[in-house]
Protein chains: 2
Amino acid sequence: MPMPRPALAETDISAQLREAIARGQFSPNERLVEAELAERYSVNRAHIRTALAVLDREGLVVRLPHRGAHVRAISDTEAIEIAETRLAIEAMVARQATLRGDAKGRASLRQIEKDMRRAVTQSDAALYSQCNAALHRELQRMAGNATADRILNTLKSHLVRLQYRVILLPGRPRASLAEHAAIVKAVCTGDADAAERAMRKHLTSFARLLKQAIEATRMGGF
Amino acid sequence: MPMPRPALAETDISAQLREAIARGQFSPNERLVEAELAERYSVNRAHIRTALAVLDREGLVVRLPHRGAHVRAISDTEAIEIAETRLAIEAMVARQATLRGDAKGRASLRQIEKDMRRAVTQSDAALYSQCNAALHRELQRMAGNATADRILNTLKSHLVRLQYRVILLPGRPRASLAEHAAIVKAVCTGDADAAERAMRKHLTSFARLLKQAIEATRMGGF
DNA sequence: CCGCGCCAGATTGTCAACAATTTGGTCAAC
DNA sequence: GTTGACCAAATTGTTGACAATCTGGCGCGG
């Protein structure tokens, strides 16, 4: 039986912190005091320091010499930037998934689409969100592009804080479903161009709505 | 007068190591012993450790528990993967540079193109390579997409070890020049679609040649 | 009342010592 | 000759202590 792989403590802490920040357990601009984090995660301060350096490089936190680290508040324009960059990569992933994907992957996609449909008819936002993630994940797996995986992983950790704003927009799930269906269809019929186009369309509309949501928030004084 | 910003030692060491690995000062699979690096860069072992963690996350090195770090040897398929991912992002950057670039940037591009032409007529490979980097850098600046910048920076650090193979191909500079000229023209005339297409074409041919160069190397032994 | 310098506490940056683990080699037994 | 246990050196993993620096508040002088 192959041991569940060791994984360095530092790597682990980076992942935990990344997740925590992405989930909003630390608010933007919140100070991240090394000693506190060390205690909270029951590790040495050195590990926290290392994790912060990694997250700094990823853009999730900012560190100023002798002034410590804080959660980086991504600006509105930057959020859009990130969404656009994600779009560029996921469009490529959709293409590669079409070209390199296996039958099992295509079957998975179709199943996920079904679940999505159910989520929409039942107005189950949580289920929909879950299916959404599953679909994108399956496409990444089919594409088998580890580089793209890593980048998307990082980009999404920036976006999760924001996407709930979009998902909750009235009528969004229904529109999103149609877009997803188009992607699944293209991938399953082996039309790589169409798959890329469909994904591009999907994420373009996501980016547009994100932009609107941001504007609205700014106006409405949150 | 704004101080040239402090920059943490750790961040600095990460950058130095990244550069060194990218330049091939450490060969693939070479062991990276913390104590040795600490001495070479005149810093504490803790700094090296942190830097290695960052580079691990970036995919430049691999670390195994209790067995240390070594330069990650990127496989052939992965090199192509990286080139394709780069393509996806730079195509977007070209588009954004067209839409958001300023007149000064466009003037720069035209100047760089001139220098490139000179490099080709003089068969000055070093100059050409320099112009090539300058052109892509200027496009990134014009696009003003910090997220894309960071990602491209990382991706390129993986590719530099390989690109000399492509640049040295007979006739490559001349073909590359035409592709670059098309990009500059599209960006300067404000045709974003054309700019994206031109960049895509340019990097597609780069990826194709990289693939060929890799195949050739594999055949030719060594 | 306001500004300024200065001090104490909090926090980060640096470092060296120590513990834990792997690796490669040696030697004995078969 | 080969196998395997075992030991020593090298290396990584962990931890605590100490130095350097920032922050906020206090009191002094204007």
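Convention: sequence-line order gives letters A, B, ...; per-chain numbering from 1.
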Task: Atom-to-atom span, NE2 of A:His47 to P of D:dG16 - whole angstrom - done: 12 Å

Open item on the list: With a sphere of 6.0 Å drawn around NZ of B:Lys201, does it hold more than 12 non-hydrogen atoms of other residues, nucleotides or ligands?
Closed with: no

Open item on the list: What contact category does A:Leu32 fall into here, base, sugar-phosphate, or nothing, at under 4.0 angstrom with non-hydrogen atoms?
Closed with: sugar-phosphate

TODO: With sequence neighbours excluded, give me every salt bridge (charged side-chain N to carboxylate O under 4.0 Å, His left out) pair touching residues 103-112 of chain B.
DONE: none

- [ ] Apply side-chain contact (heavy atoms from CB on, under 4.5 Å) to A:Ala107 and list each qualifying residue two or more places apart in sequence or on a separate chain.
- [x] none

Open item on the list: Side chain of B:Arg49 only, heavy atoms from C-beta on: which candidate in D:dT14, C:dT14, C:dG13 is closest?
Closed with: D:dT14

- [ ] May I ask you to say what A:Ala46 touches in the nucleic acid, namely base, sugar-phosphate or nothing, with a heavy-atom cut-off under 4.0 Å?
- [x] base

Open item on the list: Let me test you: for the helix from C:dC1-D:dG30 to C:dC30-D:dG1, what is the angle between the axes at its two ends (five pairs each), rounded to 10 degrees?
Closed with: 0°

Open item on the list: Checking contacts here: which listed nucleotide (C:dT11, C:dG13, D:dT23) is nearest the side-chain heavy atoms of A:Arg31?
Closed with: C:dT11

Task: Value in whole Å for how far the C1' atom of D:dC18 lies from CD of A:Glu34 - done: 15 Å

TODO: Round to a whole Å and report the spacing from CG of B:Leu64 to C1' of D:dT11.
DONE: 13 Å

Task: Among D:dT23, D:dG13, D:dT15, the nucleotide that comes nearest once only the side chain of A:Asn44 is considered - done: D:dT15

Task: Atom-pair distance (CZ on A:Arg63; C1' on C:dT12), nearest Å - done: 10 Å

TODO: Tell me, please, which residues at least two apart from B:Glu39 pass salt bridge (charged side-chain N to carboxylate O under 4.0 Å, His left out).
DONE: none

Open item on the list: What is the separation between atom CD1 on B:Ile48 and atom P on C:dA16, rounded to the nearest whole Å?
Closed with: 14 Å

- [ ] Check ring-ring contact (aromatic ring centres under 6.0 Å, His included) between A:His158 and all other residues, then give those that pass, not counting sequence neighbours.
- [x] none

- [ ] May I have the distance from B:His70 (atom NE2) to C:dT23 (atom P), rounded to whole angstrom?
- [x] 12 Å

TODO: Name all residues meeting the salt bridge (charged side-chain N to carboxylate O under 4.0 Å, His left out) criterion together with A:Asp124; count only those two or more places apart in sequence or in a different chain, and write none if there are none.
DONE: none

Scan nucleotides 17-21 of chain C against the protein and return all N/O pairs shorter than 3.5 Å with their distances rounded to 0.1 Å.
{"residue": "C:dT21", "atom": "O4'", "partner": "B:His66", "partner atom": "ND1", "Å": "3.3"}

Open item on the list: Suppose we screen for side-chain contact (heavy atoms from CB on, under 4.5 Å). Which residues come up paired with A:Arg72, at least two apart in sequence or across chains?
Closed with: A:Val62, A:Glu78, B:Arg150

Task: Which nucleotide in C:dT12, C:dT22, C:dT14 has an atom nearest any side-chain atom of B:Arg67 - done: C:dT22

Open item on the list: List the residues meeting side chain to side chain donor-acceptor pair (under 3.5 Å) with A:Ser27, not counting sequence neighbours, and say none if there are none.
Closed with: A:Glu30

- [ ] Inspect the contact between A:Arg141 and A:Asp102 and indicate whether a charged nitrogen and a carboxylate oxygen are less than 4.0 angstrom apart.
- [x] yes

